[in-house]
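Have a look at the structure below before the remarks.
Just so you know, these numbers use all the heavy atoms, side chains as well, and skip hydrogens, waters and symmetry mates. Protein chains get the first letters and strands the later ones, always in sequence-line order, with residue 1 at the start of each.
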Amino acid sequence: MRLSRYFLPTLRETPKEAEIVSHRLMLRAGLIRQQAAGIYSWLPIGRRVLANIERIVREEQNRAGAIEILMPTIQPADLWRESGRYDDYGKEMLRIKDRHERDMLYGPTNEEMVTEIFRAYVGSYRALPLNLYHIQWKFRDEVRPRFGVMRGREFLMKDAYSFDIDEAAARIAYNKMFVAYLRTFTRMGLTAIPMRAETGPIGGDLSHEFLVLAETGESGVYCHRDLLGMPVPGEDVDYQGDLTPIIAPWTSLYAATEDVHDAERFAREVPEEKRLHTRGIEVGQIFYFGTKYSVPMKAMVAGPDGVERPIHGGSYGIGVSRLVGAIIEASHDDAGIVWPDSVAPFAVGLINLKPGDAPTDAAAEGIYERLTNAGIEVLYDDLDNRAGAKFATLDLIGLPWQVIVGPKGIASGEVEVKRRATGERETLSIDGAVNRLVAGAGG
RNA sequence: CGGAGUGUAGCGCAGCCUGGUAGCGCACCUGCUUCGGGAGCAGGGGGUCGCAGGUUCAAAUCCUGCCACUCCGACCA
């Protein structure tokens, strides 16, 4: 993509409403535009990052055996009356009427609707286990939206729903999502720690929140230091096999958010040198809720014995739009965002230091073409700007690799390749630079 | 929802107290000179001063009401 033909509205000064670093950087780097409290438009760079995160989430959900569907944002109120949540949900639910004065709502979540779909088509234990997910915009009319996309009212969420014949089977479904979440966040360059969470009326131990560790996170976190280096399964993980040996090490060590923290237990279970007190951002939550929706909504299947019984359900959320902010909180420096390779809006930023200078143009255009042909996403700064402005903009938007092409280097056939995360620079021949990037930035 | 605060050009702000031609920096447009870490000079465009009412010869400025947004707290992917 040529910058001269792109839409990348960056800001030199920080809009005053932005207090936290990810929000400031998202506004300055031109990822989002606020339209109302907690409601944002996604500009081209932001849209690309969001799509990359979505892609990783989708790949890992699919790998774990979940099946993608797409449910609407607008739902009829009747479904929610069935589950009893229409009255319970309160003012957080955005309620609207259509032209026929029918009660509708902008979905804050989809348990009711997915249960309706399930019960319409599935009547036998033979169709189980089943896990359906979608990635869709949600709306929760938060009292106080804040921190940009970290706590928006409208947000993009992946929500999966599992259906099983009994609790034992549901636990297996739960474990699959547990492992998928570990992999998902790791692939985004994040350290996310599962922490035991409140389970609501069902009880048991089947709910975990996944917290990304970041100094600027919104909740305080206490955990065992060894959780930081805990191995995350590779993509060859066998989801059909027993996952408990993978999960056990994660759940056996102390990890809690501030609100459920037990100082006494922390002191007793974690040796002093292993105690870690830091901050984190909740990016996912998984839980088992048993028959909470299947009973009132009559989602029944016949077992092998021919007797109908309510299915055991679980739901599994990932805050996709929140992750954009969380990744920035976890990965930035004074100059701007430092995108992990896997979610970066472009892999390479190519700077032409002197557009209009024939040899420089030829070299930059050549590199642009070769990288693009190799399947690498390149943002090519061909604007007639001062070098300083180009460097500042590129650092701000945080692309993993920078290639700097200027007349001085080109005179001796050389360009500079810079790694954004480490600041390492190398002076290479044009061929050397192209080869380095094809190897480093992937195809 | 309790507390605090802010609305003046895309962004950051001054002007308001003490009413009298709506300003500054960045960004944007034109020209020239520049060009290896946010260039210089000259010229230029862009505003219902959040909205509505009131006071006044005259309101960004004073008064009243409303709206929006932000921050702190309680709640949440």
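- Residue contacts shown for T109(A) are absent, as no nucleic acid heavy atom lies under 4.0 Å away.
- Regarding F391(A), its CZ atom lies at a distance of 12 Å from the C1' atom of C35(B), rounded to whole Å.
- Between C11(B) and U70(B), the two P atoms lie 14 Å apart (nearest whole Å).
- Residue A392(A) has its side chain nearest to G38(B) when only G38(B), C1(B), C13(B) are considered.
- Remark: U70(B) base-pairs with A4(B). Criterion, Watson-Crick or G-U wobble with two distances under 3.5 Å.
- We find that CZ of R24(A) is positioned 13 Å from P of G12(B), with the value rounded to whole Å.
- Contacts of E209(A) with the nucleic acid, taken as non-hydrogen atoms under 4.0 Å apart, are absent.
- Salt bridge present: R419(A) and D341(A) bring a charged side-chain N and a carboxylate O closer than 4.0 Å.
- Rounded to the nearest Å, the gap between the P atom of C57(B) and that of G50(B) is 25 Å.
- One can place CG of D395(A) at 11 Å from C1' of G38(B), the figure rounded to the nearest angstrom.
- In terms of modelled atom types and a separation under 3.5 Å, the side chain of W80(A) and the main chain of M104(A) share no donor-acceptor contact.
- No donor-acceptor distance shorter than 3.5 angstrom exists from the side chain of R153(A) to the backbone of A36(A), with no hydrogens or angles considered.
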### Message
Please determine whether ring-ring contact (aromatic ring centres under 6.0 Å, His included) holds for the pair H277(A) and Y222(A), giving the CA-CA distance in whole Å, both sets of side-chain angles, and the decisive distance to 0.1 Å.
### Response
CA-CA 5 Å; H277(A) 174 36; Y222(A) 298 82; 4.1 Å; yes
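- Comment: E424(A) does not engage K418(A) in a salt bridge, judged by the lack of any side-chain N to carboxylate O separation of less than 4.0 angstrom.
- In this structure, K16(A) reaches the sugar-phosphate backbone alone: every heavy-atom distance under 4.0 Å involves primed, P, OP1 or OP2 atoms, never a base.
- When heavy atoms are screened at a 4.0 angstrom cut-off, E142(A) is found touching base atoms of the nucleic acid.
- Between U8(B) and A22(B), the distance separating the two C1' atoms is 8 Å to the nearest Å.
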Look for any protein N or O under 3.5 Å of an N or O in nucleotides 42-49 of chain B and output each such pair with its distance, or none.
none

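- Rounding to whole angstrom units, CD of residue E218(A) and C1' of A74(B) are separated by 14 Å.
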Atom pairs, N/O to N/O, protein against nucleotides 24-34 of chain B, distance under 3.5 Å?
| from | atom 1 | to | atom 2 | distance (Å) |
| --- | --- | --- | --- | --- |
| G25(B) | N2 | E13(A) | OE1 | 2.5 |
| U34(B) | O2 | R386(A) | NH1 | 2.8 |

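- At a threshold of 4.0 angstrom between heavy atoms, the contacts of G317(A) with the nucleic acid are absent.
- The partner of G53(B) is C63(B), by the rule that a Watson-Crick or G-U pair needs both atom distances under 3.5 Å.
- G12(B): Watson-Crick or G-U partner is C24(B), with both key distances under 3.5 Å.
- Contact annotation: the side chain of L371(A) approaches that of I367(A) to within less than 4.5 Å [non-hydrogen atoms, C-beta and beyond].
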